[in-house]
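See below for the structure under consideration.
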Amino acid sequence: MTEFEKKIFEVKEKIKNSKNLSELTKISSEIFSKNGIINLEFKKLGSLPPDERKNFAANINSVKKDLSEIFSKKSNEVLDKEIIDKVNNEKIDITLPEKDFKIGKVHPVSQVIDEISSIFSEIGFTVEEGPDVENDYNNFTALNTPENHPAKDMHDTFYLDQDMKTLLRTHTSPVQVRTMLKDKPPFKIIAPGRTYRSDSDQTHTPMFHQLEGLHIDKNINMGHLKGCLNYFIKEFFEVDKIKMRFRPSHFPFTEPSAEVDIGYRLENNKIIIGEGNKWLEILGCGMVHPNVLKNCKVDHKKFQGFAFGIGIDRLAMLKYGINDLRSFFECDYRWLNHYGFDPLDVPTNYRGLSR
Ligand code: DAH
């Protein structure tokens, strides 16, 4: 066997055993490059007697052709295999139930906001938003709150400037004002969001959540308010019947004003909503004061309606049996893992709110 034949035999073996394209690229340059086996063999032509040259060259050409064929066949095989491996490795079986990415949980407050939004959107309310940083006019003045009202006290409100003109909103009611000022009646909105008061103990945190409701139209009365809240409470607690009572109250922005209590009883330390003879306050409401309508450029002779404000954290605690409000804001992953909700299970009325 000549030296050339030996080398050809070796590279054929290498081609046969190669496993990927980068190995093949190396072998290719060993054979076909300028200093590769084939070219080096051609270089010998010059030193041969003329009558041998033709056969010698023909032989190299046939070896070259042979190697090229073997090489391209093997390259195709390797390429096909690489593609198939890639496709197999990247394949996602969409029929498998998800398991790996179920690592986050929805906070009970977000869950309750989604639930309440779903309930009210079912009866035609749309969702509005307002900023956490408000001005004194939207938060107090437009809402008919007198200058000397205790809520305006520095001890209750976080002011952001010396003049007490900019503040962290103390309730979601300023979203009523913003909504009425930017649009024309009728209005039928809810506005969930963060609210702030200078208060902290087991049932109060400096930041908490409220949901405002507002329905203004030509003939809206207390009966509509009662029906609306009755529907909401039943849907929210997922019960067929509830006990609900309106207690006269006072808010500067509503006249008349009421607080709403729901009836409950305790069974093995668990709250059962809708039965029993204990009462729990869950929201404030009333008919929007004509002064508020005037401040918001709504014709109070043509339009009237109701508003309500719900403490979201309180409802979340009640519905999901959480007894310390502060735990909501501690960012303890174990707590969230226990009380949180599946992010893929978006609450809807028809599929179920909290399953
Ligand atoms: N803004 C009130 C609060 O923070 C709650 C409230 C009461 C809102 C009555 C209303 C309402 O819209 O009509 O305590």
Side-chain angles (χ1 to χ4, degrees), residues 113 116 120 125 127-132 134-146 149-153 155-158 167-181 185 187-199 203-217 220-230 232-233 244-262 280-293 295-296 298 300 303-315 325:
I113 291 177
I116 301 180
F120 280 105
F125 283 79
V127 179
E128 283 288 334
E129 279 184 330
D132 292 14
E134 254 305 353
N135 55 50
D136 169 74
Y137 182 79
N138 289 344
N139 195 82
F140 292 125
T141 316
L143 289 162
N144 200 34
T145 309
H149 195 280
K152 294 195 74 169
D153 200 287
H155 294 296
D156 278 309
T157 301
F158 291 114
L167 45 86
L168 291 175
R169 64 178 177 190
T170 59
H171 50 181
T172 41
S173 305
V175 188
Q176 285 186 29
V177 179
R178 287 178 175 271
T179 307
M180 290 194 271
L181 283 175
F187 302 106
K188 199 173 180 187
I189 59 120
I190 52 166
R194 280 186 288 267
T195 46
Y196 305 83
R197 278 179 214 175
S198 183
D199 221 349
T203 50
H204 297 91
T205 47
M207 190 278 290
F208 55 104
H209 299 84
Q210 281 194 344
L211 181 126
E212 193 74 14
L214 175 75
H215 187 187
I216 304 284
D217 208 332
I220 300 297
N221 58 43
M222 283 289 272
H224 295 114
L225 170 61
K226 238 177 142 172
C228 173
L229 292 177
N230 193 57
F232 161 66
I233 294 164
M244 176 173 97
R245 76 177 179 194
F246 278 59
R247 231 174 344 94
S249 184
H250 172 78
F251 300 104
F253 31 87
T254 41
E255 180 58 37
S257 306
E259 275 168 319
V260 173
D261 301 336
I262 50 172
L280 210 115
E281 181 204 319
I282 59 156
L283 61 90
C285 62
M287 298 303 292
V288 178
H289 198 293
N291 286 349
V292 175
L293 296 176
N295 292 337
C296 297
V298 174
H300 69 286
F303 291 96
Q304 62 179 32
F306 62 76
F308 55 86
I310 305 175
I312 293 177
D313 314 272
R314 183 120 196 237
L315 282 191
L325 176 62

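Whatever order the structure lists them in is the order used to number ligands and atoms, beginning at 1. Remember, predicted model here, so these are calculated numbers, not experimental data.
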Distance-only side-chain donor-acceptor flag, N139 / T170, under 3.5 Å: yes
For D136, all residues meeting side chain to side chain donor-acceptor pair (under 3.5 Å), sequence neighbours excluded: T141, K152
Taking the ring of F187 and the ring of F306, is the distance between their centroids below 6.0 Å? no
Using the rule side-chain hydrogen bond (donor to acceptor under 3.5 Å, both in side chains), only one of H209, H204, Q210 pairs with D313; which is it? H209
is_close_aromatic(F253, H289), centroid dist under 6.0 Å: no
Less than 4.0 Å between a side-chain N and a carboxylate O, is that true for E134 and R178? yes
N or O contacts of ligand 1 with protein under 3.5 Å, please list pair by pair.
unit_1: ligand 1; atom_1: 1 (N); unit_2: H171; atom_2: ND1; d: 2.9
unit_1: ligand 1; atom_1: 1 (N); unit_2: S173; atom_2: OG; d: 3.0
unit_1: ligand 1; atom_1: 4 (O); unit_2: R197; atom_2: NH2; d: 2.8
unit_1: ligand 1; atom_1: 4 (O); unit_2: Q210; atom_2: NE2; d: 2.9
unit_1: ligand 1; atom_1: 12 (O); unit_2: Q176; atom_2: NE2; d: 3.3
unit_1: ligand 1; atom_1: 12 (O); unit_2: E212; atom_2: OE2; d: 2.6
unit_1: ligand 1; atom_1: 12 (O); unit_2: F308; atom_2: N; d: 3.4
unit_1: ligand 1; atom_1: 12 (O); unit_2: F308; atom_2: O; d: 3.4
unit_1: ligand 1; atom_1: 13 (O); unit_2: A307; atom_2: O; d: 3.1

